[in-house]
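Lettering of chains follows the sequences in order, A, B, ..., and the numbering in each one begins at 1.
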Amino acid sequence: MAKQISVQEAAALVKDGMTIMVGGFLSVGGPNAVLHAIAETGVKDLTVIANDGGQPRFENGLHELIHNGQVKHLIATHIGVNPEVGQMMNAGTMKVTLVPQGSLAEKVRAGGYGLGGVLTPTGLGTPVGEEAGKEVITVNGKEYLLEEPLRADIAICYGTTTDAYGNTKYHGTTRNFNTVMATAADVVIMQADQIVDMLDADEIIVQGILVDYVVDGGAK
Amino acid sequence: MAKQISVQEAAALVKDGMTIMVGGFLSVGGPNAVLHAIAETGVKDLTVIANDGGQPRFENGLHELIHNGQVKHLIATHIGVNPEVGQMMNAGTMKVTLVPQGSLAEKVRAGGYGLGGVLTPTGLGTPVGEEAGKEVITVNGKEYLLEEPLRADIAICYGTTTDAYGNTKYHGTTRNFNTVMATAADVVIMQADQIVDMLDADEIIVQGILVDYVVDGGAK
Amino acid sequence: MDKGEIKAYIAKRAAKEFKDGDVVNLGIGLPTMIPSFLPADVKVVLEAENGMAGAGPKPAAEDVDLCVSDAGGQPSSIAPGGAFIDSATSFGLIRGGHVDATVLGALQVDEKGNLANWIIPGKMVPGMGGAMDLVVGASNVIVAMEHTQKGNPKILKQCTLPLTAKTCVTKIITEMGVIDVTDEGLVLVEINPEFSVDDVKAATEAELKVSPDLKTIE
Amino acid sequence: MDKGEIKAYIAKRAAKEFKDGDVVNLGIGLPTMIPSFLPADVKVVLEAENGMAGAGPKPAAEDVDLCVSDAGGQPSSIAPGGAFIDSATSFGLIRGGHVDATVLGALQVDEKGNLANWIIPGKMVPGMGGAMDLVVGASNVIVAMEHTQKGNPKILKQCTLPLTAKTCVTKIITEMGVIDVTDEGLVLVEINPEFSVDDVKAATEAELKVSPDLKTIE
């Protein structure tokens, strides 16, 4: 069984200097209630692994953390939607590491699934490839970049419906990085719109054995 | 839309010398109707990538192909349940390559998802590792085997329920290798227990864009 | 050509690249205009890298589902036969060659088909998002863009900005014409009759061959 | 010890290794007897590598669902809170350290914790199935087996059969006792009172240290 805790209890698990993974894609499928509570704790020097740098509209919790200066290092694929991220990056107040979106998904999955890395053609011959010091490995005459695994201290994920065991399913495009991130952290928090007794075993997207804590994020 | 064809039409797609992937785990979740039709065509010199060597009971289509001598080379994880496979291997009438089950899943996924391979600790220091000529790559001080991708000419997969678009969902433990194999072949055949007009987009396990042909395997 | 018509003109021509059943990923901006120009008998499956294999049109205001967006974060819908997918699956489909074409904009393209479209160091840093995977994974990579940027060529001998990927572009469609990227370099295969071949060459820094079969864009 | 009691004795002792909520993968044969010996307050989640994170007991004949099997291909069931999974997910969970323990048999184990359990060249070729992944991925690798094979030691100085994995075994449970695999070698930590320490040593080819805290198996 996953333990059900409050948004404040979930937020209190995040400590200064931790590396956290945050699910969501711009304003869809992010664990905003927990992120908002983290913003309120004032925790700092976080390294955040996420798809993007949040979106400065709606109630975007990732944007809030960044805006507050609580993030020391952002590892993401796209930051253009939140101009503040680029400004902080250029001003040197926040370090930003850009990763191709598909490579980020595989790096997190590799971290969660015990792989030492994956070989991808993505990024070859670009600033995120050899130039960034990544190893080039040739398989059957074709070159690939070795993308190493990523893990975090805590993954903060969103789910549409979660059960008492932590099993989770999704509606719409809310899965995004939530599914792989739930595999790749020492502690996994699942913020759900709805918590039910038990989901159908055929319909589960994130397995309950991955989830440590369930948080009621409130129905949308 | 995926094209719906008969089991015989599906079987006729398989030609002498082809490499085929066959979903299923022992007697659960295998595309037996199509395999039985392939057995009847008498096609030969097949290379088969599958979890196991079939089970010599129930209506096991993979066992039938092997028993008939239609398989030249079997790439599998476990052959102990079908003693005939070991006998053919030792007699030299069929080549057998054994692969760890988790590595097989990742090799097929890599083949289907455009990765040049994955790094796994599984098999290090064993006859399927360095001794078999696999490259050892060190990441962050830890050794891994480079497992290269696998692909096939045709993947013959099973699904519980498939829709007109080829979208497929599963009941029970029938998913096994069907899901990754559907990504990793030039032509993908999905034998379904049931074919419906359209599945709920939130419930799909194998995406229709992967599936070329749908075959009605008949309800169990 | 009238500035206000350029994007629609490019999108309309790009729409001719697809056949019924193709799986296509469309970048933000101009490429999203393409579906409205598809012939009635051509239905493409839109892959949205944020989570749909089979996206539908932008929903009417009253039909908006906040849990369904496109890769730009804008409200979207699922098409009949579409499937919701996670990011690892989405990019598996893309990287694995299950997407027939991607259409996207560019800052620069060069003679070898190298593409730069994700960063202007020190100025614009949007990040590559899914672009690097898309241009490596999709079977056809079509750049759909205005031919020049404030009068400066964007089709160059060699890209000067950091690359998105090497030798990935297969075709360039602009308001001036259609250029194939071939082993022998860039070849103008279709032209907008409002321009001459010399006009196109003058707006192109790269060496531009002209197809002996040069056609007029209809 | 009575031959007919050996397997149950080993399974009963192995059942004490788990705490409530542990995720455990059980090999075919003897290990599958373990759940029936778990205390009432210890519920483990059974991972079945063929496709369940949370397997239930063998169903009664009238409840058999042909689409639900265990990794041996035998009818099984899903437990409350269990999830059906595909092979890539299953081994991701295993390799990624999300399985707390695996209990499996062995042909040979040695002083370094090396394990051989998948092939006797020229004779028995069952294949490794999921074993190689399980012993590399699970946090605890418990070998539960009869101490000897037809009187011959199976706990050796060095495995002679092809390995399943190097230095992977953390504990060995037999009808004679419980042996921890430590950096200093094999240490007998518990003993079946029907045997003397010398009996155990005589049945073990590997050097066997004896814990100063040696306990009796209850």
Under a 4.5 Å heavy-atom cutoff, which of [options] has the most pairs with chain D?
options                       : result
B/P121, B/A76, B/G86          : B/P121
B/T160, B/V180, B/V99, B/I205 : B/V99
B/G102, B/G53, B/A105         : B/G102

Can you tell me which portion of [X] sits under 4.5 Å from chain B's heavy atoms? Options are side chain, backbone, both or neither.
X      : answer
D/S76  : neither
D/V136 : side chain
D/D65  : side chain
D/I119 : neither

For chain B, which of [options] has the most heavy-atom pairs under 4.5 Å?
options                        : result
D/G129, D/A55, D/G51           : D/G129
D/T89, D/I85, D/N114, D/L134   : D/I85
D/S90, D/A48, D/A71            : D/A71
D/K166, D/M132, D/M124, D/M128 : D/M128
D/G127, D/A88, D/P126          : D/P126

Where does [X] contact chain D at under 4.5 Å (heavy atoms): side chain, backbone, both or neither?
X      : answer
B/F177 : both
B/N90  : side chain
B/V128 : side chain
B/L26  : side chain

- Message: For B/L104 and B/L150: C-alpha separation, side-chain torsions, deciding distance, then whether side-chain contact (heavy atoms from CB on, under 4.5 Å) applies.
- Response: CA-CA 8 Å; B/L104 184 65; B/L150 277 175; 3.7 Å; yes
- Task: May I ask you to say whether B/R151 pairs ionically with B/D186, meaning some side-chain N is under 4.0 Å from a carboxylate O?
- Result: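 Salt bridge between B/R151 and B/D186, a charged N being under 4.0 Å from a carboxylate O: yes.
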- Query: Do the charged groups of D/E17 and D/K171 touch, with an N to O distance under 4.0 Å?
  - Reply: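 Yes, D/E17 and D/K171 are salt-bridged.
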Do the side chain of [X] and the main chain of [Y] share a donor and acceptor less than 3.5 angstrom apart?
X      : Y      : result
B/E147 : B/S103 : no
D/N50  : D/S69  : yes
B/T120 : B/T122 : yes
D/T167 : D/K112 : no
B/N178 : B/Y158 : yes

- Task: Say whether B/Q4 and B/D216, considering side chains only, have a donor N or O and an acceptor N or O under 3.5 Å apart.
- Result: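 Looking only at side-chain atoms, B/D216 and B/Q4 do not form any donor-acceptor pair under 3.5 Å.
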- Heavy-atom count around D/Q158 CD within 6.0 Å, excluding the residue itself: above 12?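 No, because the 6.0 Å sphere around CD of D/Q158 holds 12 heavy atoms or fewer from other groups.
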